[in-house]
Every structure is written in structure tokens, then in C-alpha cells.
Number of protein chains: 2
Amino acid sequence: MGSDQQASATRRRPGPRRILSEEVIVAAALRLLDERGAEAVSIRGIAAELGVAPNALYTYFPDKAAVLRTLVDRLIGEHDAEALADVGRPWRERVHELALGLRARLLAHPGAAALLLGAPMDGPQALLLGERLFALLAEAGLDDDVAVHAGYVLIVYILGAIALEAAELDPARPAPPEAERIAARRAGFAALPADRYPRTAAGADTIAAYIGTGQFRWGLERVLDGLTHPDSAGRRSRAL
Amino acid sequence: MGSDQQASATRRRPGPRRILSEEVIVAAALRLLDERGAEAVSIRGIAAELGVAPNALYTYFPDKAAVLRTLVDRLIGEHDAEALADVGRPWRERVHELALGLRARLLAHPGAAALLLGAPMDGPQALLLGERLFALLAEAGLDDDVAVHAGYVLIVYILGAIALEAAELDPARPAPPEAERIAARRAGFAALPADRYPRTAAGADTIAAYIGTGQFRWGLERVLDGLTHPDSAGRRSRAL
DNA sequence: TCCGAATCTGTACGGCGTACAATTTGTACC
DNA sequence: GGTACAAATTGTACGCCGTACAGATTCGGA
């Protein structure tokens, strides 16, 4: 007692210097994910990428799932907080920026999108993104609680869109241009037997477009309409 | 030539009688999924469950992924087509039934929800569900193309809600009662550091409720509002 | 100086999906 | 009725996987 040991959080630990860091491990994992797909992201694969024995990673992360959770959360966190907080810009525009940014960052790493959908969005960066969305909606004039309601419906919509779009992508390689993906999807739906799936086949153009940015924005506008139009306010009390 | 062999599709194949069927394999897989979680659903595990060598399954399905795809599609298909088509009932009510039913069927098998989100919804039953949704919206008075637009926004919302809710569940065991899950989630959010996540901590009650049926319905109403309110019609042309 | 904690490595275990080569079982044709 | 051949199942094997465990090594602190 009385010894002036530093706070244990910052004190240098005994033992050999660490060769790696959480950052380089996550970076290696993301590289593998992008270049060789979700199945290539293994503890052994990451270790090989880093020139290290597989077990070395277990001093940085308790298990493989923790590596993947961290990877996804970092990806969520790469947003432009300043632009979202700029009260000089119309709030709908800022909501679009947040939504489009999150969607784009995840779809740029198709394997990561699948990971996002399999685990709760409860990492520090995910929570911060939520804070920014709620704050943005509150600035737009919504009461604090209403802002949280609206924010969550938006998050549900964004998650759904990411799920829909990521399901079409090969997690082993970067996404082809959007127009190309839409065209492929359109061809697939148009080729369905029209006697069994008449509306789907006839609506192939529309359906195919829903994995694209244009329809994502359009749907986002409709959801925002539903959340802000006059009738909606009175029904808010029907929340559970 | 001239021999009266039956159509090759129905002709009995040579070789020993098949001891299994796609049905029993999928059923065994679902049983494992529910009782022991996603990781327990392995080719070897299913085969053991059926008292058969692992490789026996490969005459019924080309690989493990095909088993899982089939499993999810069957689950999607277990809806009440007649109730959805009953034009005597208000269309909003029927949309709710379709959405709530799909959500409930998938969340009843938490592991299956994760599978749904990882692959395109392009199985025969998924396509039929789409047909029914589109038809329902068309009966509600929407033009055919508008019905497809609206149907897809609804599907995105439903997918997002399933993703949000399934992420909280332990895929190894049945979901606890909803109230219990919401309470646990509320406690988690309320315990966050209020200095860093003020709005999230303050809105814990609201946020927690979003994994529940009540908020699912409320959000669904808002999305339907956005898709049908007067301003929306004029903006439809902004679709990509 | 030496204790003990923190790294990292080597090895090993039990699991996985599935390819390959028998073996068995049935149909179809001579 | 015999026989060729296709289909179903099994046994075995390969190369992966996550990670537990037991050293060996390296450092900070007393």
C-alpha cells in the first residue's frame, strides 16, 4: 500500500514486447475477407498473413468471434461525424448521408455485411452512430423520444436494405458496378416462369432495382414520410 | 425405340431404395438447429441424427449450403395462403398478417433467421410469398408496378426487423418470452455510460422495445403510411 | 538478483466438409 | 433368366478449422 504504481490500464506490462496489435490483426482479417472471402478469415489464415503462430492472436482477442465483432464495429465507425453534425445542412440530407454512408461502407466489404447481420449492433462505434442519428433527428425538431423511435425505424430499414443487397454479392470479391448487378438480377427475375410468378416476372425491372442506390434512397424517403407526416404524430402513442 | 418407358422424371431409378428423403433431412437439420444451435447443424450431425453415414446425404443435396437454403425456404413457405388472399378482410390487416407471420416463423427458429439473412430470398416459397404480397397490394388498389415497389419496401423493413431481433437471440435455444428479452435489452442500454451515449441511455425503454411485436407493428404502419400518403404518389417517378 | 506475469511457439485434440473408391441393390434389356 | 449398368450407401482419407495445453522466452518491479 502507498506504492505509487501507475494506473493498471496504462502501466507497461511485463513480458516480451507485443509484436502485433488489435489494429493490424483486424486489418489483416479485413484484407483476407475482401480478397478471399468469409471462409478465408480464419485464425490460422490471419496468423499466416502476419507471419505468426495461430495462437499468438489469443493474447489480443479471446476468440475468433471477437475479431469479427471488432472488425464490423470499426467499419461502422468510419463515418464523417462532422458532416453529420453540421446543423447548417438540411436534416433530410444528413440522414441520407448517414444511411448511404453506412450502406456503402458495408457493401464495399461484402463479407462484412453478412457479419453485421449476425450479431447485435452493440459495439462502441455502432452506439456512437446511433447517438449521432438520434441527435440529428432531435435537431430536426423531433422530441427526444420521437427521435429515438424514428431513428430505430430508420435503422431497421437500413439493416434490411443491407441484408437484401449483401445477399446478392459474392463475399470473396469486390462488388461489381451497381448497374451490372441490377441487370443480372433483372435477367434472373424476368426468366422466372410467368405462369407461376406472374407479378414477379412482370415486375422484374422494379424488383431488380431494389438492390441499387436509387431505390434505397426512394424507400428511405418513403419511410421518412411515414415517420413525419401529420397522421403519424397522433399514432405515436400506439408504441408498445 | 417404341418402348413405353415412363417419363424420365417419374421413372423409378435403378439402385437400392432410398432410405431418406429431402424432407426428413431438412426436418433433422431443423431439429438440430433448434435444439443445439447453428454450429450443430453439420452434415455429420444430421447424418448421425438419421443413423446414416455422412456421405449418404450427398445424393439428396449437392452440399451443406443447399440443405440450409431448402430449410429456410420451407420455413418461409409455411404461411396461410388462403387467409392472405381473402379479399373480404381489410388489406392492411392482411399485410400485417403476412409480415407478422413471416417474422414469427423465423424468430421461432433463431438459427434459421441468421441463415435467411445470409443468402438471397430466391427459393420457390420465397418467390410465392412475394407474389402473394404483390397481389394483396394490387387488390388494395395500387397499380401493379406501385404494388411491387411497395411490396419491396415492406420486405426490406421486415428483413431489417428480423435481423435486428435475431441478432439478440441465442441460436442454440428457443427465444425467451418477448417481455423478458425486452427487459434484458433495456437493462443493457440503460447501463451504458450516460456521458458518452446520452440519448441511447435515456431512450433505453424505447430502443429496447424495438425487438418486440408492438414496435414492429408500429413501424410497419409508419412504412405503410409513407408508401400510401398523398405526397408519396407524386414522388414515385423518382424511382431509379 | 530474482519472481512472476505476459508473449509467443509447438503440439495435439476433436471437429468439419467432402472427394474417392468399393460395395450393395435394384431396373432394363438381351 | 442372365447380365450390364445406374443409383445408393459406406469406409476411408485429406486438408482444413478453433483452440486448449505445456513449454520457452522476455521483460517489469520488488
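Because only heavy atoms are used, hydrogens play no part in the values below, and waters and symmetry mates are left out as well, while side chains stay in. Naming convention: chains lettered A, B, ... in sequence-line order (proteins, then strands); numbering from 1 in each chain. Small disclaimer: the values here were computed from a predicted structure and weren't measured.
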> The side chain of B:P16 lies closest to which of these nucleotides: C:dC20, C:dT9, D:dA7?
D:dA7
> Would you call the rings of A:Y152 and A:F134 parallel, tilted or perpendicular, where under 30° means parallel and over 60° means perpendicular?
parallel
> What's the CG-C1' distance between A:L50 and C:dT7, to the nearest Å?
15 Å
> What's the closest nucleotide to the B:A53 side chain, out of C:dC8, D:dT10, C:dA6?
D:dT10
> Please tell me which of the listed nucleotides, C:dA5, D:dA8, C:dT18, lies nearest to the side chain of A:P14?
C:dA5
> Could you state the CD1-P distance from A:I25 to C:dC8, rounded to the nearest angstrom?
9 Å
> Does a side-chain N or O from A:Y60 land closer than 4.0 Å to OP1 or OP2 of C:dC8, or not?
yes
> Can you check whether A:F216 and A:Y157 have ring centres sitting under 6.0 Å from each other?
yes
> Holding to side-chain hydrogen bond (donor to acceptor under 3.5 Å, both in side chains), I want the full list of residues that pass it with A:T70, two or more places apart in sequence or in another chain.
none
> Figure out the CG/C1' separation between B:N55 and C:dA21, and round it to whole Å.
11 Å
> So does A:R173 pair up with A:E35, basic N to acidic O under 4.0 Å?
no
> What is the distance, rounded to the nearest whole Å, between atom OH of A:Y58 and atom P of C:dG10?
16 Å
> Look for any protein N or O under 3.5 Å of an N or O in nucleotides 13-16 of chain C and output each such pair with its distance, or none.
from   : atom 1 : to    : atom 2 : distance (Å)
C:dC16 : OP1    : B:S42 : OG     : 2.8

> To the nearest Å, how far apart are A:R36 CZ and D:dC17 C1'?
14 Å
> Measuring from the side chain of B:R17 (C-beta onward, heavy atoms only), which nucleotide among D:dT25, C:dC8, C:dT27 has the closest atom?
C:dT27
> Looking at every heavy atom in both B:A201 and B:L192, which two are closest together, and how far apart are they?
CB-O, 4.1 Å
> Please tell me which of the listed nucleotides, C:dT7, D:dT9, C:dT9, lies nearest to the side chain of A:R18?
C:dT7
> Inspect the contact between A:R74 and A:E23 and indicate whether a charged nitrogen and a carboxylate oxygen are less than 4.0 angstrom apart.
yes
> So A:F61, base contact, sugar-phosphate only, or nothing? Heavy-atom distance under 4.0 Å.
nothing
> Give me each pair satisfying salt bridge (Lys or Arg N to Asp or Glu O under 4.0 Å) with a member in residues 36-63 of chain B, each pair once, sequence neighbours excluded.
B:R31-B:E49
